[in-house]
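The structure presented is a predicted model; accordingly, all values stated were derived computationally and were not measured. Every chain is numbered from 1 and lettered A, B, ... according to where its sequence line falls, protein lines coming before strand lines.
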Amino acid sequence: MSSSSEYAIEVANLTKRFGDKVVVDQLSMQVRKGEIYGFLGPNGSGKTTSIRMMCGLLTPDGGMGQTLGLDIFSQAAQIKREVGYMTQRFGLYSDLTIRENLDFVARVYAMNQRKQRVNTALERLGLVARQKQLAGSLSGGWKQRLALAAALLHQPQLLLLDEPTAGVDPQARRDFWEQIHQLAADGITILVSTHYMDEAERCHRLSYIAYGRLLATGTPQELIEQSGLHTWTVSGAAMAELSKQLVALAAVDMHTQFGNTLHISGKDPLALAQALQPFQIANPSYQWSESQPTLEDVFIYLMQQATDNFQPAGKT
Amino acid sequence: MSWRRLWAMMLKEFIQLSRDRLTFAMMVGIPIMQLLMFGYAINTDPKHLTTVLVVYDQGSLTRSLVQALQNSGYFQVVNNDANAQVATDMLAQGEAQFVLTIPANFERDLIRGNYPSLLLEADAADPAATGNAIASLQQLAESALRHDLTGALSYLAPPANSFELRIHRLYNPEGITQYNIVPGLMGVILTMTMIMMTALGITREVEQGTMENLLATPIKPLEVMIGKIAPYILIGYVQVAVILLMARILFNVPFVGSLSLLLFSVMVFIFANLTIGITISSTVRNQTQAMQMSFFFLLPSILLSGFMFPFRGMPRWAQIIGEMLPNTHFLRLVRGIMLKGNGWHEAWPHLLPLSIFIFVVMLIGIKKFRRTLD
């Protein structure tokens, strides 16, 4: 199965339609072996559908692609055997015990030394003492760890994680990402979709998709630079009135409010600075500074552009 | 197809089933409950019907008549001397099923050869309740009076028929309703549990998101399907065993045919229902809808199959629908085998339509099942 290619996933012009709705539109991307690749985009942007196509669960309507050197059209069955996929929702059985769930997965993959592998997985999870507990009685964080352990049971070279941390508390999320980095260090390639910006920043490379189209791709720093956005940060108390005025300015393409801080971004740095100057003089009590846009600024900007560009196309 | 994966799937189903006590209890409890209710409650030949007499002529002929009435078993006299008003009220209130009025001078007029009339009023709102009793009355009245109308009065006695009509009630000579209902229940119970359990079982996997996880593993859709429904085949046979045992012990229903032929027919019938269950599961979006669709199919299976009402009594269109339902053919099979001792020769005309049904529905079901995954 191993190919000489440097990519674990390589797809070109991947397209999927449901009825007459184009859910994934000519998606091309490459995931290098051993990297953590973040897959971002708003709800309904086609992330899950793309991941399903990459792991052999869905047959694309157009384009071409390989996962671990296997063709996603003709070798879906082999791909399923080699890839670990963690679904968005908890995909294990809540009325089976932790051990029974892992045992079931081991049987389905027809693993040798089943008992031993399940035992090892339980030990690594730290769930040996609770192995007879029903999976449904676990907390969100534990469910997610169990699902990850199940996806790793057959020792895949590639992990596809579909919003793995949705509904999980911050501590569990942090632990989870530490594990992800550990797995990457062990040589496993990981594709992870997420909504969280802090998680996006933990990825080696990212793709942002909206309305089924890839809008941007690169390292977090590259994405910020590619966006061509220039951002000013204004902070201070009681700034509702001021932000209303600032947001209305022609040079402001985008804004984001964070508590007592306002991010104002524009494509044209000069126009933005000039437009802000009178306000800066009139409101000296506020802190004004020119800064780099955050990933969140960039994604919200991309999203707004995408709405403008693709909505008519998306409706047909 | 891998046996290891199939076994993994079945094992999982059995564990889940054993955890779900309520469903498990239902699958054994429902047959028992239905057997007891339908077996004891349905009687198409009701006896001891409440009867009120309005008597204007007390005489020996009247006494013979009343005696014969009670001996028939159909009539139970609850008031043997009511006035007309009371009797009418009792009919209206449903306290009396029949009112028999014996007119004044009945005996005298009869002897004089004036051909007096007896009036039987029946609460015939439910035709099934009164039909047999009324039919019995005509013959009853004639034979009752024959004893009294002897000697000089013999010319008044109803003439004997010039030929004899012999009636053989085959397969169920005493007309015991249970003999018909209890084997029929096997079809209804299997239809209900098999369709509902498969439809719910597969829909549950989709609804709870475990199906996606399953399909991302090497397990094949066909293995998922077979692994999920195989345990229910076993449960179907447990139900059949319960029904056959209770039929023998509680209701003394005869079993004159071949057990192996019955078990084979059950297999074909279970398959027919499982294909329906799979088709339902792939057209609905959640378990509630699966339940509703199952009932949608169950209703005609009970009403148009000949389970409760005579199939030949239905209008043509209803018979056509009935012929398309698996339960209709299974009822003919199970009743034929148990009561008539039918063999392969009589069974195949019903096994064939079942097989065609399985084939057609399976085609639809598998096509739809594939689409749900995409």
Side-chain angles (χ1 to χ4, degrees), chain A residues 16-19 23 48-49 51-61 76-97 99-112 114 134-136 143 146-147 150-151 153-154 156 159-162, chain B residues 1-26 197 200-228 230-231 282 285-287 367-374:
Chain A
K16 182 74 193 176
R17 283 177 221 101
F18 289 134
V23 182
T48 299
T49 307
I51 293 178
R52 283 181 184 169
M53 286 193 282
M54 291 169 197
C55 70
L57 206 53
L58 271 184
T59 313
D61 291 323
Q78 279 136 286
I79 293 176
K80 286 182 189 177
R81 234 171 282 148
E82 306 293 342
V83 165
Y85 174 42
M86 194 171 142
T87 52
Q88 199 166 338
R89 287 172 66 190
F90 181 62
L92 298 175
Y93 297 93
S94 43
D95 52 351
L96 292 188
T97 65
R99 186 184 193 94
E100 284 162 351
N101 266 306
L102 291 174
D103 193 61
F104 173 65
V105 173
R107 280 175 193 275
V108 162
Y109 280 95
M111 288 176 201
N112 301 319
R114 203 179 60 240
L134 291 185
K143 273 185 183 162
L146 176 60
L153 204 60
H154 62 295
L159 255 188
L160 298 166
L161 310 173
D162 194 3
Chain B
M1 183 85 100
S2 143
W3 290 108
R4 276 176 91 173
R5 292 197 294 257
L6 199 61
W7 174 240
M9 195 69 203
M10 283 163 62
L11 199 66
K12 170 195 88 79
E13 277 311 302
F14 274 119
I15 297 175
Q16 287 184 308
L17 211 58
S18 69
R19 296 258 153 81
D20 191 357
R21 295 271 163 77
L22 191 69
T23 306
F24 204 69
M26 236 175 65
M197 290 304 149
L200 284 180
I202 297 174
T203 316
R204 191 181 304 129
E205 294 259 3
V206 176
E207 202 180 1
Q208 296 186 342
T210 49
M211 187 62 105
E212 193 189 353
N213 206 44
L214 261 185
L215 295 174
T217 70
I219 202 165
K220 298 200 170 62
L222 195 67
E223 290 162 354
V224 173
M225 212 155 92
I226 297 175
K228 276 203 84 73
S282 44
R285 248 168 284 141
N286 52 50
Q287 292 185 70
K367 215 173 167 186
K368 290 228 170 201
F369 188 67
R370 286 237 177 89
R371 208 177 307 150
T372 16
L373 313 178
D374 247 27

Checklist entry - If you measure from OG1 on T87(A) to CE on M211(B), what distance do you get to the nearest 0.5 Å? => result 13.0 Å
Item to check | Heavy-atom contact with chain B under 4.5 Å, split by part of T97(A) | outcome: both
Next on the checklist: Let me confirm one number: the CD-CZ distance from E212(B) to R52(A), rounded to the nearest 0.5 Å.
Outcome noted: 3.5 Å
Checklist entry - Side chain, backbone, both or neither: which part of L134(A) has an atom under 4.5 Å from a heavy atom of chain B? => result side chain
Next on the checklist: Nearest 0.5 Å, please: how far is OH in Y85(A) from OG1 in T217(B)?
Outcome noted: 12.5 Å
Checklist outcome for this item: Applying a strict 4.5 Å limit to non-hydrogen atoms, the region of E223(B) in contact with chain A is neither
Checklist entry - P218(B) and R81(A): which non-hydrogen atoms are nearest, and at how many Å? => result CG-CG, 3.7 Å
Checklist outcome for this item: If one checks every heavy atom of L11(B) against chain A at 4.5 Å, the contacting part turns out to be side chain
Item to check | Chi angles and distances behind the side chain to side chain contact (heavy atoms under 4.5 Å, CB included) call for F90(A), Q208(B) | outcome: CA-CA 8 Å; F90(A) 181 62; Q208(B) 296 186 342; over 6 Å; no
Item to check | Smallest separation among heavy atoms of R107(A) and A8(B), with atom names | outcome: CB-CB, 3.4 Å
Checklist entry - Mind checking what makes side chain to side chain contact (heavy atoms under 4.5 Å, CB included) contact with N101(A), not counting sequence neighbours? => result L92(A), Y93(A), L96(A), A135(A)
Checklist entry - For A77(A), is it the side chain, the backbone, both, or neither that has a heavy atom closer than 4.5 Å to a heavy atom of chain B? => result neither
Item to check | Residues from residues 13-21 of chain B approaching chain A under 4.5 Å (heavy atoms) | outcome: I15(B), Q16(B), R19(B)
Item to check | Spatial distance of atom CG (L214(B)) from atom CZ (F104(A)) [nearest 0.5 Å] | outcome: 5.0 Å
Checklist entry - Relative to chain B, which segment of R89(A) carries a heavy atom at a distance below 4.5 Å: side chain, backbone, both, or neither? => result side chain
